[in-house]
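Starting from 1, each residue takes its place in the sequence as its number. Since the model is a prediction, treat every value here as computed from it, not as a measurement.
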Amino acid sequence: MKEICSLSLKELKTWMEENGEKAFRAPQLFDWIYMKDAASFEAMTNMSKELRSKLAGQFSFPVIKLLRTLESEDGETIKFLWELPDLKRVESVLIMSDERRTVCISCQVGCPARCAFCASGKEGLLRNLSPAEIVEQVLHINRILKLKGERVSHLVFMGMGEPLENYEAVVKSIDIFHHPEGLNISQRRITVSTVGVVEGIHRLAKEELKVNLALSLHAPNQHIRKKIIPYARKYPLEEILLAMDEYSRNTKRDITYEYTLIAGINDRFQHAEELARLLSGKQCTVNLIPYNPVDDLNLRRPEKEAIEEFRSILEEAGINTTWRYTKGKDIAAACGQLALQKS
Ligand code: SAH
């Protein structure tokens with residue numbers, strides 16, 4: 001069976017026409033799913049019984065099932081564990097800070113990037129998620145928030161997986177997320193984070209999209225980067241940065257460079273100086289993420305003083321920095337802590 005949430009509005013219109021229905025049924029269906037939170041086709045009462053049963057016969061909805069939620073002690077972070085149709089599992093994280101309701105989405109089961117400091121890639125890639133499996137993570141969480149009169153405001157592709165290695169499904173899901181008749185989340189509030197898949201960045205730069213792009217940089221040079229990020233062997237830093245510049249030129253978006261600080265590896269003041277030189281003149285922000293502990297990894301987070309020194313060197317060089325205050329550590333929901341969950 002096909003998945004209804006894998007279809008863009010355009011594809012739904014085509015389906016309606018091919019099935020002898022009026023095209024306006026497509027936005028109506030979109031509205032039921034994304035705005036009115038219908039739980040099944042049966043509930044879509046302004047559509048004929050015949051159409052509803054045809055839809056139910058051809059499409060599955062929903063395809064992912066919520067297994068459990070885990071809430072951080074401060075109540076600001078909730079981790080959701082989902083079961084997929086083949087019983088594999090993925091997680092998403094809802095981060096609530098001030099007015100923001102950010103969902104951190106997974107786009108693959110496992111991850112092909114296998115970065116040395118991250119739990120998500122420990123066992124490599126199991127499979128890609130379909131657009132519906134991506135979209136429904138947000139749809140379900142949005143439904144839960146609506147009960148409190150809130151809604152999802154921001155999306156980050158920073159859960160498990162490498163978005164640019166599941167390109168079509170990710171772009172399709174973005175289309176549904178930002179469509180005014182879909183979830184209506186502005187592209188300015190959607191961020192795709194990549195380990196640096198050069199052809200994917202070029203491709204994204206040519207789409208008619210204007211989402212934010214973040215690069216997981218984590219090192220001031222190719223030599224250190226290669227030690228901690230296996231993908232760096234395939235994609236040299238120089239080429240990645242050129243592709244990021246192209247993205248920024250085409251979309252007029254500032255780039256975010258993510259930098260996970262790991263003690264003794266990339267956190268020295270010389271590294272900060274080198275990083276400042278590497279990024280000088282770019283319209284960008286460096287997001288410093290102190291390393292979050294992952295089981296079995298023999299890595300450490302730098303002392304607070306080292307992090308502050310690193311940050312001030314960048315700031316003195318005129319580079320914008322943010323320091324990602326780590327949320328959800330007590331429930332293993334922080335950056336890099338989403339791991340494969342077995343049944
Ligand atoms: N594959 C994409 C999406 C993952 S985003 C990417 O690489 O960008 C998750 C972010 O958290 C990435 O920047 C990742 O490098 C970072 N991260 C991974 N493990 C971490 C850890 N243990 N501590 C802090 N940040 C980590």
Got I105 and F177 here, is their nearest side-chain heavy-atom distance under 4.5 Å?
yes
side-chain contact (heavy atoms from CB on, under 4.5 Å) partner of F157, chosen from T194, I174, L164:
I174
Under a 4.5 Å cut-off applied to non-hydrogen side-chain atoms, are Y291 and L297 in contact?
yes
Within the side chain of Y167, is there an N or O that forms a donor-acceptor pair under 3.5 Å with the backbone of L204?
yes
I need the minimum non-hydrogen distance between A23 and K13, along with the two atoms involved.
O-CG, 3.9 Å
Mind telling me whether F41 and F59 have parallel, tilted or perpendicular rings, with 30° and 60° as the class edges?
tilted
Checking S120 side chain against L338 main chain: does a donor-acceptor pair fall under 3.5 Å?
yes
Looking at P293, is its backbone amide N or carbonyl O close enough to the side chain of R301 to form a donor-acceptor pair, meaning the two atoms are under 3.5 Å apart?
no
Test your reading of the model: is there a side-chain donor-acceptor pair from N250 to the backbone of K206, 3.5 Å cut-off?
no
Taking atom types as modelled, find out whether R225 and Q222 have a side-chain donor-acceptor pair closer than 3.5 angstrom.
no
Can you name the nearest heavy-atom pair linking S6 to A132, along with the distance?
OG-N, 2.9 Å
Please answer whether the main-chain N or O of L51 pairs with a side-chain N or O of S48 as donor and acceptor at a distance below 3.5 Å.
yes
Taking the six-membered ring for Trp, are F117 and H218 closer than 6.0 Å centroid to centroid?
yes
Can L129 and V109 be said to form a side chain to side chain contact (heavy atoms under 4.5 Å, CB included), step by step?
CA-CA 7 Å; L129 295 192; V109 188; 3.7 Å; yes
Would N212 and R188 count as having a side-chain donor-acceptor pair, cut-off 3.5 Å?
no
What is the distance from atom CG of L145 to atom CD1 of I78, rounded to the nearest 0.5 Å?
7.5 Å
Main chain of V195, side chain of E162: is a donor-acceptor contact present, judged purely on distance under 3.5 Å?
yes
Distance (rounded to the nearest 0.5 Å) between E83 CD and L67 CG:
4.5 Å
Does one side chain, of S193 or E258, offer a donor that lies under 3.5 Å from an acceptor on the other?
yes
Among the clusters formed by ILVMFWY side chains lying less than 4.5 Å apart, do V156 and I95 turn up in the same one?
no
Using modelled atom types only, decide if a donor and an acceptor are shared between the side chain of T256 and the backbone of A214 within a distance under 3.5 Å.
no
Under 4.5 Å between side-chain heavy atoms, counting indirect links through other Ile/Leu/Val/Met/Phe/Trp/Tyr residues: same cluster for I240 and I255 or not?
yes
Are L213 and V171 connected in a single hydrophobic cluster, I mean Ile/Leu/Val/Met/Phe/Trp/Tyr linked by side-chain heavy atoms less than 4.5 Å apart?
yes
With rounding to the nearest 0.5 Å, note down the distance linking SG in C111 to NZ in K122.
13.5 Å
Of all the heavy-atom pairs spanning I307 and P302, show the shortest one and how long it is.
CD1-O, 3.7 Å
What one should report as the nearest heavy-atom pair of P290 and W323 is CG-NE1, 3.1 Å
If two hydrophobic side chains count as joined below 4.5 Å and joins carry through other members, does Y34 share a cluster with L94?
yes
Could you go through the side chain to side chain contact (heavy atoms under 4.5 Å, CB included) check for L29 and M16 one step at a time?
CA-CA 10 Å; L29 182 58; M16 291 292 176; 3.9 Å; yes
Report yes if the distance between the aromatic ring centroids of W32 and F61 is under 6.0 Å, otherwise no.
no
Could you report the tightest heavy-atom contact between M35 and P180, atom names first, then the distance?
CE-O, 3.9 Å
Is the closest basic N to carboxylate O distance between E11 and K172 below 4.0 Å?
yes
Do any N or O atoms from the side chain of N142 and from the backbone of V138 form a donor-acceptor pair under 3.5 angstrom?
no
Determine whether a donor-acceptor pair (N or O, by modelled atom type, separation under 3.5 Å) exists between the side chain of S153 and the backbone of R101.
yes
Return the CZ to CD distance between R127 and Q108, rounded to the nearest 0.5 Å.
10.5 Å
Could you measure the distance from the OG atom of S248 to the CG atom of L241? Nearest 0.5 Å is fine.
11.5 Å
Same hydrophobic cluster for L84 and L81, using side-chain heavy-atom links shorter than 4.5 Å among ILVMFWY?
no
If you take all heavy atoms of R311 and T322, which pair is closest and at what distance?
NH2-CA, 4.1 Å
Side chains of E136 and W82: donor-acceptor distance under 3.5 Å anywhere?
no
Please determine if E168 and R203 form a salt bridge, counting it only when a charged side-chain N lies under 4.0 Å from a carboxylate O.
yes
Is there a donor-acceptor pair closer than 3.5 Å between any side-chain N or O of N19 and the backbone N or O of E21?
no
